[in-house]
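Just below is one structure, and these are the notes that go with it.
All chains are named by letter (A, B, ...) in the order of the sequence lines, taking the proteins before the strands, and each is independently numbered beginning at 1. Note that the coordinates shown come from a computational prediction; the quantities given were computed from them, not determined experimentally.
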Number of protein chains: 2
Amino acid sequence: MSNAARKPRYERQVASDRREALVDAAIESLKRYGHDGLSVRRIAAEAGVSIGLINHHFPNKDSLVAESYRTFSRRLAADFERAVAAAGADPRARLRAYFDSFFSGPNLDPQVLTAWVVYWSLVQVSPEMRAVRDAEGRGYGEVLGRLLSDLARSRGVASVDLDTAVTGLTAFLDGLWLQLCLDPRSIRPADAAALCDDWVDHVIKP
Amino acid sequence: MSNAARKPRYERQVASDRREALVDAAIESLKRYGHDGLSVRRIAAEAGVSIGLINHHFPNKDSLVAESYRTFSRRLAADFERAVAAAGADPRARLRAYFDSFFSGPNLDPQVLTAWVVYWSLVQVSPEMRAVRDAEGRGYGEVLGRLLSDLARSRGVASVDLDTAVTGLTAFLDGLWLQLCLDPRSIRPADAAALCDDWVDHVIKP
DNA sequence: TTCATTGTTGAACGATCGTACAATAAGGGG
DNA sequence: CCCCTTATTGTACGATCGTTCAACAATGAA
C-alpha cells in the first residue's frame, strides 16, 4: 500500500496544553449544562477526547473541577484589572472603569452566573473548593480596597472607614450583578454602574 | 399468642402530612449535603422512610425538589413579613424591622446559603425550577416596593425613582447577606442593616 | 370481626456515575 | 529506519442514580 498521508486517529499534546484544554472543556460544559455538565463523560465529550484521559492528567475529577474554578475566577478578575489599567491614573476614572467592566459584556452572560452558582454550591460542601475560593477571593477585595483608598486620598478624605466601604461596595456590585444576570430587564447596566458611582460619592464625599 | 400491644412496623399518614414531611426532609438533606443531598435515597433516609414512598406522593423527584424550593422560599419570606407586621405603622420602623430580620438569626445560617445556591443552580437549567422562582420572587420585590413607597410618601418625597430604589436596595441586601454568610467576620449584622438604612436615607432624603 | 382501601415497603431495572487498567499508537530521538 | 516513551483509547467494574411495581400491612368502615 501507499505510505501517503495517513491521518492519525488522534493528536498527542504536551501535558500542559491538554490540561488547559480539559479545563476549558469543563468550564464550557458547566456553563451549558450546569452541575450535570461536571461529569467526566460530559467534559470528555466537550473536549473531543476519550473518558480515560481525564484521570491521566488529573488525579481525580474533583481536581479538574477545582482547577476549572481557579481558572474561571482568575480570567474574570483579569478582565477587570485590565480595564482598570487601561483607564489611566485618575482614581475616579479607574473606579468607573471597574464598574463598567463589571456590568458589561462577558460578565452579564447568564451562563457565567450558572457557573458561579454551581461553584459556590460546591464551595459550601467541599474543603478543596473552599480553599480555591479563599485563595482567589482575596485579591478581589484588595483591588477594590486600593481603588477606594486611592480615591479617598485624592479627595483628601481621611476619616473614611475603608473596610466598611469595601464591604458595602462589594455587596452593591454583587447584588446588582446578580439581578442583572437573573433579569436583564431589571436595570440597565449603565444605571447599575451609576448607582455604584453615586454610592461611592456618598461614602467618600467629593 | 397474646393480642397485646404489637408495635406496628410503620405508621400510615394522610397524604398531605407525608408530603410535608418529605419536603422538610428534602430541605434538611439539601442544607446538610448540598446538591448531593437531593437524591431520593438521601431524602428518604432523612425522612426515615423507604425509597419508594417518594414516587408515591410525587410524580418524580424533580417535583419534590421544586416543591421544597417553593416551601423554603415562602418560609423565609414569611419571617420577614412577620417581622415587618410586628413593627407597627411607622414606615421607617417597618423598613428597619425588615433589615434586622434579614440580617439576623436563621437567615445567616451558612446552610441556608447552601440551599439557596443549589436552588439557584437548578433554576439556571430547569424550566420547572425557574417557574417557581418567577412565581415566588415576585412578592419579594413587591414587599420592598411597598415599604419604600410608604416611606417616600410619609416624607413627602414624590420624585423618587421607585424601581431603581427597589433594585438598588435589593442588591444591597442580597450582596451584604451573601458576604455575611460567606464570612461572618466581614461585617457585623447591625452594621449591614445600618448601611442599608443609610442608603435608603440617601435615596429618599428625610 | 371481616373486609376493602391505600399508604408503605423493598427488591429490581436500566442508566450513568468516577475510576482503573490493559492495549494501542503517535511522535520524537537514536 | 526502528524503538522507546507515553499520550490516548476504550472497556470494564462497582456504586449510585431515578423509577417501577408487586407484595405487605395499617387503618377505618361495615
Taking for each residue the nucleotide of DNA chain D with the nearest heavy atom, is it B/G52 or B/R9 whose nucleotide lies nearer the 5' end? B/G52
Closest-nucleotide mapping onto DNA chain D: is B/N55 or A/I51 further toward the 5' terminus? I mean the 5' end. A/I51
Separation of [X] atom [atom1] from [N] atom [atom2], in whole Å?
| X | N | atom1 | atom2 | answer |
| --- | --- | --- | --- | --- |
| A/D36 | D/dG18 | CG | P | 10 Å |
| A/L53 | C/dA20 | CG | P | 15 Å |
| A/I54 | C/dC21 | CD1 | P | 18 Å |
| A/E11 | D/dT9 | CD | P | 11 Å |
| B/L22 | C/dT8 | CG | C1' | 11 Å |
| A/H35 | C/dT16 | NE2 | C1' | 14 Å |
| B/I43 | D/dT19 | CD1 | C1' | 14 Å |
| A/Q13 | D/dT9 | CD | P | 10 Å |

Listed nucleotide nearest any side-chain atom of B/R42, set D/dC17, D/dC24, D/dT27: D/dC17
Would you indicate which nucleotide in D/dT8, D/dG18, C/dT19 comes nearest to any side-chain atom of B/V40? D/dG18
Heavy-atom side-chain proximity of B/V112 to B/W116 below 4.5 angstrom: yes
What does [X] touch in the nucleic acid at a heavy-atom separation under 4.0 angstrom: a base, only the sugar-phosphate, or nothing?
| X | answer |
| --- | --- |
| B/L38 | sugar-phosphate |
| A/L64 | nothing |
| A/V14 | nothing |

Using OP1 and OP2 only, check whether a side-chain N or O of [X] sits under 4.0 Å from [N].
| X | N | value |
| --- | --- | --- |
| A/H56 | C/dA20 | no |
| B/S39 | D/dC17 | yes |
| A/R18 | D/dA7 | no |

Could you check B/L195, B/L176, B/V200 and say which one makes a side chain to side chain contact (heavy atoms under 4.5 Å, CB included) with B/F99? B/V200
From the list A/T167, A/V166, A/L173, side chain to side chain contact (heavy atoms under 4.5 Å, CB included) with A/L169 holds only for A/L173
Would you say B/T71's side chain and B/E67's backbone share a donor-acceptor pair under 3.5 angstrom? yes
Output, in order, the C-alpha distance, side-chain angles, deciding distance and verdict of salt bridge (charged side-chain N to carboxylate O under 4.0 Å, His left out) for A/R42 and A/D36. CA-CA 8 Å; A/R42 285 268 183 54; A/D36 292 343; 5.3 Å; no
DNA chain C: stems of at least 3 consecutive Watson-Crick or G-U pairs whose donor-acceptor distances fall under 3.5 Å: C:1-28 with D:3-30
Test for a donor-acceptor pair under 3.5 Å between the base of C/dG18 and the side chain of A/R41, counting only N and O atoms. yes
Do the side chain of B/R12 and the base of C/dT6 come within less than 3.5 angstrom through a donor-acceptor pair of N or O atoms? yes
Fit a plane to each ring of A/W199 and A/F172, take the angle between them on a 0 to 90° scale, and name the class: parallel (under 30°), tilted (30 to 60°) or perpendicular (over 60°). perpendicular
Looking at B/R94 and B/D150, does any basic side-chain N land under 4.0 Å from a carboxylate oxygen? no
B/D183 and B/R185 ion-paired at < 4.0 Å: yes
